Structure formats: C-alpha cells, structure tokens
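Working notes, structure below.
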Amino acid sequence: MNEAAARTPARPAEPAAFDVDVMRREFPVLSRRVHGHPLAYLDNGASSQAPRAVIEAVDDYARSHHANVHRGVHTLSEEATARYEGARDRVARWLNAASRTEIVFTRGTTEAVNLVAQSHARPRLRTGDEVLITHLEHHANIVPWQMVCEQTGAKLVVAPIDSRGEVDPEAVEALMGPKTRLFACAHVSNALGTVLPVERLVASARARGIATLVDGAQAIPHSRVDVRALGCDFYAFSGHKMFAPTGIGVLYGRESMLERMPPWQGGGDMILTVSFERTTYNSLPYKFEAGTPNIVGAVGLGAAIDFLDSIDLRGAHAHETALLEHAHAALAPIAGLRLIGTARRKASLVSFVIDGVHPHDLGTVLDQDGIAIRTGHHCAMPVMDFFGVPATARASFAFYNTFEEIDRLAVSLERARRLFGGDVG
Amino acid sequence: MELKDLYRDVILDHNRTPRNFGPLEGASANAAGSNPLCGDRLTLHLRIAGDRIDDVRFEGHGCAISTASASLMTEAIKGRTRDEALALFDRVHALLTDDAAAPDESLGKLAALSGVREFPARVKCASLCWHTLATALKSSVPESIPAVSTE
C-alpha cells in the first residue's frame with residue numbers, strides 16, 4: 001500500500017468490483033447523442049474522455065485556486081503550487097519512480113521524446129553512432145531521432161516487424177551493436193496494438209550500455225507501469241490518453257541521466273540566478289520546465305491518477321481484454337475485412353481495412369451511426385507502407401466501452417461494406 | 001442530414017467504376033495531388049492541344065468522394081478549353097464550400113457533389129483533384145508542376 005492510500009481516509013480498502021454501467025456514469029460525455037444515436041466512442045487511442053473527477057478538479061482549480069506557481073508568497077500561488085507539485089508526487093508514485101525529481105512535465109509524449117533527443121542524445125552522438133528504433137513507431141518516435149541524427153551525423157537504424165506486426169526481440173538484439181548509443185521503442189503500437197516485449201528489450205540494451213527510451217503513450221491507459229521494474233532510462237506518455245486533459249504529459253528520466261543533461265529550453269522557472277554574464281540552472285526537474293507550465297493540465301492529470309487509483313483497475317483491464325476478444329469475434333464474419341496487426345499480445349484496439357471501402361468512407365458512415373473511430377495513417381506511415389495500405393480504420397477501446405457498442409460497430413461496418421461494394425447479399 | 005446526401009448513386013457508381021482511369025499516352029502535363037492524412041493520392045494526366053484539353057485520365061487511390069470527384073471531373077473537362085475548365089473549377093469550388101451557392105443546373109452530374117459541403121471533413125477529399133487540375137492548368141512549365149494537397 002502506498003503512502004497516498006495510507007493518507008487518504010475516504011478511500012475504501014477495496015474498490016467496488018468493476019461494473020461497466022457504473023463506470024460509464026462517471027464519464028459525462030458518454031451519455032450524449034451523435035446524429036440521433038447514443039455516442040459509441042471508440043477512438044480512445046487518439047484521446048480518451050475525462051471522468052467527472054477530472055472535470056471537477058480542473059473546474060475547482062480554475063474557480064478557486066489559480067495563480068502562477070513557484071513565484072508568489074500569496075495564498076493562491078501557494079495553493080496552485082501545492083496542486084501542481086502534488087500532481088508530480090502522484091505521477092512519481094503511480095510510475096514507482098525513485099524520486100519526484102525524475103518526473104518532468106511536458107506538453108505530451110512528443111515533447112518528451114524531443115527533449116531526450118535534443119538534451120540527452122544531441123550532445124553525445126558522434127558521426128557513425130547509431131540510434132535504434134523499430135518499424136512500428138509513431139512518427140513522434142521517429143522524427144525527433146531523424147532530426148538529431150541529421151544534426152550529429154549519427155545513423156538511424158530500424159529493427160524489423162513481421163506480418164503479425166510483432167517485433168522479434170532477437171532481431172532487435174542483433175542490431176544492438178558497438179555503435180548503438182540509444183534504443184527507443186513503443187511500449188504498445190498505436191497503429192497495430194502490438195504490445196512489445198519492452199522488459200526484455202530494455203534489459204538487453206542496458207546490458208550493452210545502451211540508453212533506453214520507451215514511448216508509453218498507448219500503454220499507460222491499459223496497464224500499470226513500474227519504471228523501476230522496467231529499468232528504462234526514459235519513459236514518456238501523455239495525459240490525454242489516460243483520461244486527463246490535453247497539453248500535459250510526462251517524461252520520466254532516471255535521475256542520473258537527467259542530472260547530466262543540459263536544459264533544453266531557457267526561460268523563467270528553470271534558473272536559479274541570471275545575470276548577463278552567467279546563468280545558473282535550477283535543480284531537477286525544474287531545469288527542464290522553462291516558463292509557466294500547464295498547471296491546470298497537471299491538476300487534471302493528478303486527478304486522473306487518483307481516479308484510476310480509486311477503481312478496480314484490474315477488473316477494468318480484464319474488461320478491456322474481453323472487449324478485444326469480442327471485437328475480434330464480431331469483426332471476423334465481415335466479408336473482405338482484414339485485420340492489420342494480429343500480434344499475440346495486443347492492447348485493446350483493432351486496426352483493419354475492408355476490401356473496396358476506403359477507411360475514410362468507413363469513418364463517415366460510422367459517424368452517422370454515432371460511432372467514433374479513427375481513420376488514416378495513425379502517424380505511422382512506415383507501418384502503412386509495410387502492410388501495403390494507405391490507411392486503416394481503427395477502433396480503440398477504453399474500460400468504459402461495452403460489448404453492445406462493438407456489436408453496433410460490426411453492424412455499421414457491414415452496412416458500409418454493402419453501400420460501397422454494391423453487394424446486397 | 002442523411003448519408004445518402006453525401007453518397008449519392010452517382011458518387012457510388014463513379015467510385016465503383018471510375019471513368020478515364022489509368023495512364024494516358026502522349027500526356028503533355030502530369031500533376032500529382034495527395035492528402036497524406038487520409039491516404040488519398042492521385043495523378044492527373046492531361047493531353048492539351050493548343051488551348052484545349054484533348055484528353056484527361058487519372059490514376060491513384062482514395063476514398064469514394066475523392067475517386068468519384070476525379071472521375072466526374074475527367075468527364076466534365078474533356079474537350080474544354082483551359083479557361084472553361086478553370087471556370088468550372090471555380091463553380092465546383094463554390095458548390096463544395098459556399099452554403100449560399102445556388103443550385104447550378106449547368107453543372108450536370110457534378111451537382112452530385114453538393115452534399116459534400118454538409119460534411120466539412122470531406123471537402124478536402126472532393127476538392128483534391130480540382131486543385132490538382134488548376135495547378136496543372138495554371139503552370140506554364142509542365143515539368144515544374146508542384147505537388148498539391150488540400151489538407
């Protein structure tokens with residue numbers, strides 16, 4: 001039992017067993033209608049919805065406590081600072097970080113990866129050094145490395161995926177050579193749902209003295225992550241995919257790594273003293289948080305973590321697994337439907353194409369039935385190229401989704417298939 | 001608004017069976033358009049003699065709206081002059097984006113695209129081929145036609 005739980009008397013010893021109907025009532029948006037139908041929100045991989053607890057925490061902060069942080073001696077500034085730093089404590093505990101100084105607030109996963117690329121990798125990389133990633137990465141875990149490779153003369157090396165969309169750890173390990181300085185990979189693929197064997201990959205990299213970054217954007221909503229057990233040097237994720245607001249994210253960095261990194265951006269809050277001759281930088285994590293941060297976003301993230309702490313998370317995750325199995329069964333009978341990404345370990349999303357129906361048209365037809373899915377390349381164009389498709393449709397589930405919503409998805413897909421295929425059978 | 005307003009029979013038909021689809025021998029201008037977010041890509045081939053579009057064909061892949069729009073466009077502009085085709089571009093553009101645009105009888109089958117403006121996210125699909133055409137026609141040096149995107 002962690003400290004927070006011990007200090008919070010209102011929390012029941014055991015949360016009530018997971019019940020999806022009860023859970024849905026915590027998410028106000030789920031009761032709205034779209035084009036006359038109840039909303040079926042199946043686009044959680046892009047962004048999840050916020051529970052009442054997060055909405056109310058954000059509202060309460062804005063109504064009663066807002067001021068700038070780390071600056072004033074007045075009451076509101078102290079309250080805002082306490083809430084902002086309190087959120088950092090929650091994140092540190094949630095991730096099992098060794099210290100709160102290892103938690104840097106960013107705009108999101110993308111900014112966290114860029115921070116590591118520019119502050120950790122750029123000063124260290126030399127011509128001929130290698131940065132190793134995998135073929136299934138989101139653009140946010142490709143482009144920052146391409147940029148730093150261009151800046152330093154290092155080389156980007158890409159480990160392959162197979163036809164299931166899996167990453168073979170032996171193939172990755174074979175590419176970890178004497179010149180590999182950094183290994184970065186997704187924990188869960190956003191386009192395919194593949195859960196990567198990150199524990200093994202991180203251990204292999206560490207054994208070879210290679211720094212590691214894990215992009216946890218798609219993993220953090222579906223699993224408890226323990227960064228110390230995982231052993232990675234950096235772990236990045238976004239608040240808005242785990243029921244918090246947009247514009248707030250986290251870079252976890254091992255303290256010994258962050259200590260050696262220069263600030264990335266300059267400005268207020270990241271300094272101790274400034275004169276025109278010399279500036280001394282603030283301590284961790286503040287040296288990486290230049291300027292007024294997204295205070296309200298951090299408050300929302302803290303509330304999202306409290307919310308997740310208060311529910312039967314194991315039951316919620318079991319429900320997500322059941323949703324995935326149900327989706328696979330519901331989509332299987334649809335003629336011409338091909339799943340893109342059939343990894344044996346998958347997060348709860350299905351990416352697919354239907355012969356003769358462009359994903360974009362599927363998206364429009366489904367929207368008319370009140371069903372929200374993502375269509376497009378999912379910021380993973382190399383994955384699309386690998387599977388020889390321009391785009392896919394993706395339904396991504398959260399624990400508040402239902403079997404009935406997935407049944408509606410299947411009915412709507414069948415309707416779209418008939419509309420575009422001209423098939424009345 | 002109804003789905004049938006967007007996906008009218010003419011649109012579905014031209015999506016299933018695109019007209020003037022494929023390469024064009026002796027093309028005098030080729031222009032590429034792509035909307036990378038949707039995965040729509042098309043190449044327009046034009047054979048222009050003097051001022052007149054003698055022949056036009058297209059290749060590529062895209063959603064039903066973008067494919068049907070390109071197919072309908074090739075039918076509509078074949079045999080027209082540059083200026084006539086550009087004037088048609090303006091009228092189709094108005095049809096797709098201007099809520100106040102009056103029904104234009106002279107647009108013929110192209111009027112089937114009028115439902116698109118009720119679906120703002122799809123306007124870029126319908127307009128991709130038209131912007132690609134306009135870029136090709138306005139470019140004086142065929143070799144330097146820039147790639148087009150409506151995203």
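Each chain gets a letter, A, B and so on, in the order the sequences are listed, and its residues count up from 1. Heavy atoms only: backbone and side chains are in, while hydrogens, waters and symmetry mates are out. Since this is a predicted model, take the numbers as computed values, not measurements.
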Within a 6.0 Å radius of atom NZ on K155(A), are there more than 12 heavy atoms belonging to other residues, nucleotides or ligands? no
Please determine, among T364(A), V357(A), V365(A), the option with the most heavy-atom pairs under 4.5 Å with chain B. T364(A)
Is there side-chain contact between H61(B) and P390(A), with heavy atoms separated by less than 4.5 Å? yes
D361(A) and R122(B): CA distance, side-chain angles, deciding distance, side chain to side chain contact (heavy atoms under 4.5 Å, CB included) verdict: CA-CA 9 Å; D361(A) 295 311; R122(B) 310 304 300 276; 2.8 Å; yes
Counting heavy atoms not belonging to R47(B), are there more than 12 under 6.0 Å from its CZ? yes
Run the numbers on L3(B) and R415(A) for side chain to side chain contact (heavy atoms under 4.5 Å, CB included), then give the verdict. CA-CA 12 Å; L3(B) 209 53; R415(A) 184 162 94 96; 3.6 Å; yes
Is the number of heavy atoms from other residues, nucleotides or ligands under 6.0 Å of R19(B) CZ greater than 12? yes
Under 4.5 Å heavy-atom distance to chain B, tell me which part of M384(A) shows up: side chain, backbone, both or neither. neither
dist H358(A):NE2 -> N15(B):CG (nearest 0.5 Å) comes out at 10.0 Å
Shortest non-hydrogen pair, R16(B) vs G421(A), comes out as NE-C, 3.7 Å
Select one option (side chain, backbone, both, neither) describing which atoms of I65(B) are under 4.5 Å from chain A's heavy atoms. both
On a heavy-atom basis, the closest approach of Q368(A) and F119(B) is NE2-CE2, 3.3 Å
